[in-house]
Participant: 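Got a structure for you, questions after.
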Amino acid sequence: MRLQSGELTRLGQGGDTRTLNRARKRFRNTEPYVHLTLRERQRAVREVAEVVSQWGFARLFAECIDTAYFDPARTSHTINEQAFEQLISRFEAYLRNVSHQRTNEGGAYGLVVHDNNDTVARRHTRMMRAFHQTGTLWTNVERIVETPMFVDSKLTRLVQVADLCAYALRRYVEKGETELFNPIFERADRKGEVAVGVRHYSPDSCSCRICLAHQP
């Protein structure tokens, strides 16, 4: 806390209000953890990743897009919109596969829970309504109920777990870090040996674990 106060004082004296406000927001978000050392925080995150890797009931769906490779001229969607459509399509496919195994139970239905953001909420709600009416590029949407439910991630632990999964994937594709990625990737939805739930949108020459595991 003493170091944070000193940093805020320094930024305040510099007159850069925007940077000062960003620092204040960052420090507010880390207040519950300042009593831990860096090593203790890193260990806590690793332990959560290890626990997630053992959740046999959980399935990971993710779209990792290389922004340098993404060509907006080839699609009418933004990067975020394409990623959302991909995730919805894979989640729907998973629910259908599970439903085929539960014919006596009426099948499986799913709900999308999303970290709250006003701008994203409006856009993804609009997209989800369109998916229910006309489907995605790959599939009709019949097993995902309603539009996404938007929640405050600070109050919802499983959304925080999803954030950890996203962080692990990003650090792997951008920096090659595997400490968190390896346990998290165990939960990627698979069809046989193929990790169909996670894709790295990248050049064909990419040989990362995600691309290799996504190939049939």
Side-chain angles (χ1 to χ4, degrees), residues 42-72 74-75 77-102 108-115 124 127 131 135-141 143-144 148 157-216:
Q42 291 173 332
R43 184 171 68 246
V45 172
R46 287 196 299 270
E47 289 176 356
V48 173
E50 290 295 339
V51 170
V52 171
S53 72
Q54 298 170 30
W55 286 352
F57 58 86
R59 298 294 181 272
L60 176 65
F61 302 90
E63 176 78 351
C64 307
I65 298 178
D66 184 338
T67 56
Y69 180 68
F70 182 81
D71 183 2
R74 295 167 57 185
T75 175
H77 291 330
T78 65
I79 289 179
N80 288 335
E81 290 170 342
Q82 174 167 306
F84 184 64
E85 185 173 20
Q86 286 277 349
L87 292 181
I88 292 298
S89 300
R90 291 178 211 155
F91 187 32
E92 172 71 21
Y94 167 76
L95 292 171
R96 289 187 182 184
N97 291 336
V98 173
S99 296
H100 291 158
Q101 302 168 16
R102 301 180 181 177
Y109 292 87
L111 176 69
V112 176
V113 181
H114 203 305
D115 189 7
H124 285 185
M127 290 181 68
F131 294 158
T136 69
L137 181 62
W138 299 275
T139 182
N140 292 329
V141 176
R143 292 283 168 179
I144 303 176
R157 291 178 179 176
L158 284 180
V159 174
Q160 295 173 14
V161 171
D163 285 342
L164 171 61
C165 293
Y167 175 78
L169 291 167
R170 181 168 186 170
R171 295 299 293 184
Y172 174 69
V173 297
E174 291 186 352
K175 303 294 184 180
E177 296 177 5
T178 60
E179 188 172 23
L180 296 177
F181 171 80
N182 286 342
I184 292 298
F185 194 57
E186 291 294 318
R187 297 271 52 87
D189 185 42
R190 286 174 166 80
K191 186 175 182 180
E193 298 298 321
V194 181
V196 295
V198 181
R199 183 181 75 154
H200 184 200
Y201 187 85
S202 60
D204 294 337
S205 59
C206 181
S207 59
C208 74
R209 280 191 59 195
I210 298 174
C211 290
L212 293 177
H214 194 74
Q215 297 174 0

Participant: Looking only at heavy atoms, which two atoms of Leu169 and Cys64 are closest? And how far apart?
Facilitator: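 So the minimum-distance heavy-atom pair works out to CB-SG, 4.1 Å.
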Participant: So Val141 and Thr136, do their side chains get closer than 4.5 Å, heavy atoms only?
Facilitator: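 Of all side-chain heavy-atom pairs linking Val141 with Thr136, at least one is under 4.5 Å.
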Participant: Indicate yes or no: does Glu63 engage Arg90 in a salt bridge with an N to O separation below 4.0 Å.
Facilitator: yes
Participant: Taking the side chain as every heavy atom from C-beta outward, state whether Pro183 and Val52 have any pair of such atoms under 4.5 Å apart.
Facilitator: no
Participant: What distance do Asp189 atom CG and Phe61 atom CZ have between them, rounded to the nearest 0.5 Å?
Facilitator: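 That separation rounds to 4.0 Å.
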Participant: Parallel under 30°, tilted from 30 to 60°, perpendicular over 60°: which one fits the rings of Phe84 and His114?
Facilitator: tilted
Participant: Working to the nearest 0.5 Å, report the span between CG of Leu137 and CD of Glu85.
Facilitator: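 If I round to the nearest 0.5 Å, the distance is 5.5 Å.
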Participant: What is the distance from atom NE2 of His124 to atom CD1 of Ile88, rounded to the nearest 0.5 Å?
Facilitator: 8.5 Å
Participant: What is the distance from atom CG of Asn97 to atom NZ of Lys191, rounded to the nearest 0.5 Å?
Facilitator: 6.5 Å
Participant: Could you go through the side-chain contact (heavy atoms from CB on, under 4.5 Å) check for Ile144 and Val112 one step at a time?
Facilitator: CA-CA 7 Å; Ile144 303 176; Val112 176; 3.9 Å; yes
Participant: Do the non-hydrogen side-chain atoms of Gln82 and Ile65 ever get within less than 4.5 Å of each other?
Facilitator: yes
Participant: With distance as the sole test, does Arg190 use its side chain to make a donor-acceptor pair with the main-chain N or O of Ala188 at under 3.5 Å?
Facilitator: yes
Participant: Would the distance check show the side chain of Tyr201 and the main-chain N or O of Ile79 forming a donor-acceptor pair, the cut-off being under 3.5 Å?
Facilitator: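 Flag not set: sc Tyr201 to bb Ile79 has no pair under 3.5 Å.
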Participant: Supply the atom-to-atom distance Glu50 CD to Glu179 CD, rounded to the nearest 0.5 angstrom.
Facilitator: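 Atom-to-atom, Glu50:CD and Glu179:CD are 9.0 Å apart.
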Participant: How many angstroms lie between CD1 in Ile210 and CZ in Phe181, if you round to the nearest 0.5 Å?
Facilitator: 4.5 Å
Participant: Are any non-hydrogen side-chain atoms of Pro148 and Val113 less than 4.5 angstrom apart?
Facilitator: no
Participant: Using modelled atom types and a 3.5 Å cut-off, is there a donor and acceptor pairing between side-chain atoms of Arg187 and backbone atoms of Trp55?
Facilitator: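 Yes, the answer is positive, given that a donor and an acceptor are paired below the 3.5 Å cut-off.
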Participant: Measuring only between side-chain heavy atoms, which start at C-beta, is Arg143 closer than 4.5 Å to Ser99?
Facilitator: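 Of all side-chain heavy-atom pairs linking Ser99 with Arg143, at least one is under 4.5 Å.
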Participant: Before we go on, tell me: are the rings of His200 and His214 under 6.0 Å apart, centre to centre?
Facilitator: no
Participant: Please find the pair of heavy atoms, one from Pro216 and one from Val194, that lie closest to each other, and give the distance.
Facilitator: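 The pair with the smallest heavy-atom distance is CA-CG2, 3.6 Å.
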Participant: Please check: side-chain N/O of Ser53 versus main-chain N/O of Ile184, any donor-acceptor pairing under 3.5 Å?
Facilitator: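 No; zero donor-acceptor contacts below 3.5 Å.
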Participant: Could you tell me whether Arg96 and Glu92 make a salt bridge, using a distance below 4.0 angstrom between a side-chain N and a carboxylate O?
Facilitator: yes
Participant: What heavy-atom pair brings Leu180 and Ala168 nearest, and what distance separates the two atoms?
Facilitator: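 Leu180 and Ala168 have their closest heavy atoms at CB-CB, 3.7 Å.
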Participant: Is it the case that atom CD in Gln54 sees more than 12 heavy atoms from other parts of the structure closer than 6.0 Å?
Facilitator: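 Counting other residues, nucleotides and ligands, CD of Gln54 exceeds 12 neighbours.
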Participant: Between Phe91 and Gly110, which heavy-atom pair has the shortest distance, and what is it?
Facilitator: CZ-CA, 3.9 Å
Participant: Would Arg59 count as a cation-pi partner of Phe185, with NZ or CZ less than 6.0 Å from the six-membered ring centre and within 45° of the ring normal?
Facilitator: no
Participant: Considering all heavy atoms of both residues, which atom of Leu164 and which atom of Ala49 are nearest to each other, and what is their separation?
Facilitator: CD2-N, 4.0 Å
